[in-house]
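Shown next, in structure tokens, is the structure this report addresses.
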Amino acid sequence: MFLENGKVRLHYEVSGSGEPLIMLHGSGEDISIFEMALPLLEEHFTVYRIDSRCHGESTRKAPLHYELIADDVYRFIVLLELDKPIVYGFSDGGIAALMLAFTHPDSIRAIAVSGANTNPKALKFLYRIGYSKLSIFTYDAKSRMIATEPHITKEQLGKIKVPSLIMAGEKDMIKKEDTEFIASSIPTSRLLLLPGESHSSYIVGTDKIAHILIENLTGDNSLI
């Protein structure tokens with residue numbers, strides 16, 4: 001399916017039944033990274049998987065900034081008249097979910113975020129250097145965005161009032177202290193630091209993220 005939002009054409013897929021859940025992938029990826037998690041999630045949620053701008057089957061030639069990805073998600077919610085969906089974001093998608101939560105808090109019910117960072121210096125040194133070199137020598141817009149953005153402040157995070165599940169792997173490319181900073185700055189957050197996991201090992205090619213989301217967003221242990 002496709003949705004014209006006035007800025008770009010977004011490709012998305014819908015499946016399952018229940019409360020709406022939007023899934024946002026990371027840099028250089030598309031909706032297919034959630035294939036393994038989808039069967040479990042469909043039992044609890046109506047799942048909306050979106051290809052971000054410049055990714056997958058969405059518009060490939062467009063300005064690329066985290067604020068624009070977040071705005072695309074907001075327009076998606078409005079145009080499809082979704083009733084306060086939960087928004088899950090991985091990596092770049094997690095950054096967009098944070099931005100959506102402090103710019104349009106009334107549009108969503110909750111967020112869940114994996115491997116997001118508040119600024120480029122929150123990337124561990126080798127990753128930060130690697131993306132910086134890629135952005136300079138290849139002129140790659142995705143690498144440039146990672147190397148120079150975001151710049152999220154404690155004040156902005158403090159504006160997030162919806163329940164927020166903040167996650168990172170023990171071996172994540174994001175510094176642990178930044179993940180802890182995000183969680184501690186959001187009054188309604190729950191922090192999960194996942195033992196043995198890397199940036200993407202519990203998301204790509206596995207159903208682990210489905211189990212985590214179901215456990216923390218439904219039932220007796222629900223954050224919501």
Side-chain angles (χ1 to χ4, degrees), residues 7 22-27 50 52-55 62-78 84-132 134-136 141-170 172-194 199-200 216-217 223-224:
K7 301 288 185 178
I22 294 174
M23 305 284 285
L24 307 175
H25 60 75
S27 178
I50 305 174
S52 299
R53 60 169 58 209
C54 304
H55 292 76
L64 187 61
H65 300 284
Y66 292 118
E67 291 90 344
L68 296 178
I69 297 173
D71 185 63
D72 287 340
V73 180
Y74 174 66
R75 289 168 179 264
F76 183 89
I77 292 168
V78 171
K84 291 186 179 293
I86 299 167
V87 178
Y88 168 72
F90 164 58
S91 198
D92 283 12
I95 295 169
L98 289 172
M99 290 183 168
L100 176 65
F102 62 69
T103 54
H104 298 287
D106 294 335
S107 67
I108 56 178
R109 185 180 181 198
I111 59 170
V113 172
S114 292
N117 55 294
T118 61
N119 64 82
K121 291 183 179 180
L123 273 65
K124 292 178 180 176
F125 179 74
L126 291 179
Y127 291 100
R128 182 156 51 92
I129 294 300
Y131 283 114
S132 294
L134 279 172
S135 69
I136 293 170
K142 299 180 184 71
S143 297
R144 184 170 61 249
M145 183 173 69
I146 294 170
T148 60
E149 301 177 23
H151 299 284
I152 298 173
T153 66
K154 183 178 181 68
E155 180 182 14
Q156 289 173 319
L157 293 172
K159 294 178 181 178
I160 298 176
K161 305 303 181 186
V162 297
S164 303
L165 180 64
I166 309 300
M167 296 171 276
E170 179 186 25
D172 211 294
M173 61 185 277
I174 307 301
K175 295 177 182 177
K176 178 183 175 183
E177 53 264 35
D178 197 54
T179 303
E180 292 174 333
F181 169 73
I182 293 171
S184 65
S185 300
I186 300 173
T188 52
S189 72
R190 175 182 293 173
L191 174 64
L192 289 184
L193 297 175
L194 304 169
H199 187 58
S200 62
N216 285 275
L217 299 175
L223 179 64
I224 300 174

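Note that these values count all heavy atoms, side chains included, but never hydrogens, waters or copies made by symmetry. These figures come from a predicted structure and were not determined experimentally.
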Looking at [atom1] of [X] and [atom2] of [Y], how far apart are the two atoms once the value is rounded to the nearest 0.5 Å?
X      : Y      : atom1 : atom2 : value
His199 : Ser91  : NE2   : OG    : 3.0 Å
Leu24  : His55  : CG    : NE2   : 11.5 Å
Arg128 : Met173 : CZ    : CE    : 11.5 Å
Lys121 : Asp178 : NZ    : CG    : 12.5 Å
Phe90  : His25  : CZ    : NE2   : 11.0 Å
Ser185 : Leu157 : OG    : CG    : 5.0 Å

With the side chain counted from C-beta on, respond yes when [X] and [Y] share a heavy-atom pair under 4.5 Å apart, and no when they do not.
X      : Y      : result
Phe102 : Ile152 : yes
Ile77  : Leu100 : yes
Leu134 : Lys142 : no

Determine whether a donor-acceptor pair (N or O, by modelled atom type, separation under 3.5 Å) exists between the side chain of [X] and the backbone of [Y].
X      : Y      : result
Lys124 : Asp172 : yes
Asp71  : Leu68  : no
Arg53  : Pro63  : yes

Determine whether more than 12 heavy atoms belonging to other residues, nucleotides or ligands lie under 6.0 Å from atom [atom1] of [X].
X      : atom1 : value
Lys7   : NZ    : no
Lys176 : NZ    : no
Phe76  : CZ    : yes

**OP:** Give the intermediate values and the outcome of side-chain contact (heavy atoms from CB on, under 4.5 Å) for residues Ile111 and Leu165.
**Re:** CA-CA 6 Å; Ile111 59 170; Leu165 180 64; over 6 Å; no
Closest contact, heavy atoms only, [X] versus [Y]:
X      : Y      : value
Val162 : Pro105 : CG1-O, 3.8 Å
Ala70  : Ala96  : CB-O, 3.5 Å
Ala116 : Ile95  : CB-N, 3.8 Å
Gly115 : Ile174 : O-CG1, 3.7 Å
Ala147 : Ser135 : CB-OG, 4.0 Å
Ile146 : Pro120 : O-CB, 4.0 Å

Subject >> Candidate pair Thr188 and Lys161, rule side-chain contact (heavy atoms from CB on, under 4.5 Å), full reasoning >> reply: CA-CA 6 Å; Thr188 52; Lys161 305 303 181 186; 5.5 Å; no
**OP:** Have a look at Leu98 and tell me which of Val113, Val87, Thr103, Asn117 forms a side chain to side chain contact (heavy atoms under 4.5 Å, CB included) with it.
**Re:**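 Considering Val113, Val87, Thr103, Asn117, a side chain to side chain contact (heavy atoms under 4.5 Å, CB included) with Leu98 is found only for Val113.
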**OP:** Before giving the answer on side-chain contact (heavy atoms from CB on, under 4.5 Å), spell out for Ser52 and Asp72 the whole-Å C-alpha distance, their side-chain angles and the decisive distance to 0.1 Å.
**Re:** CA-CA 8 Å; Ser52 299; Asp72 287 340; over 6 Å; no
**OP:** Just jot down the side-chain hydrogen bond (donor to acceptor under 3.5 Å, both in side chains) partners of Thr179, sequence neighbours excluded, or say none.
**Re:** none
**OP:** Any chance you could lay out the side-chain contact (heavy atoms from CB on, under 4.5 Å) test for Phe181 and Lys175, step after step, and finish with the verdict?
**Re:** CA-CA 10 Å; Phe181 169 73; Lys175 295 177 182 177; over 6 Å; no
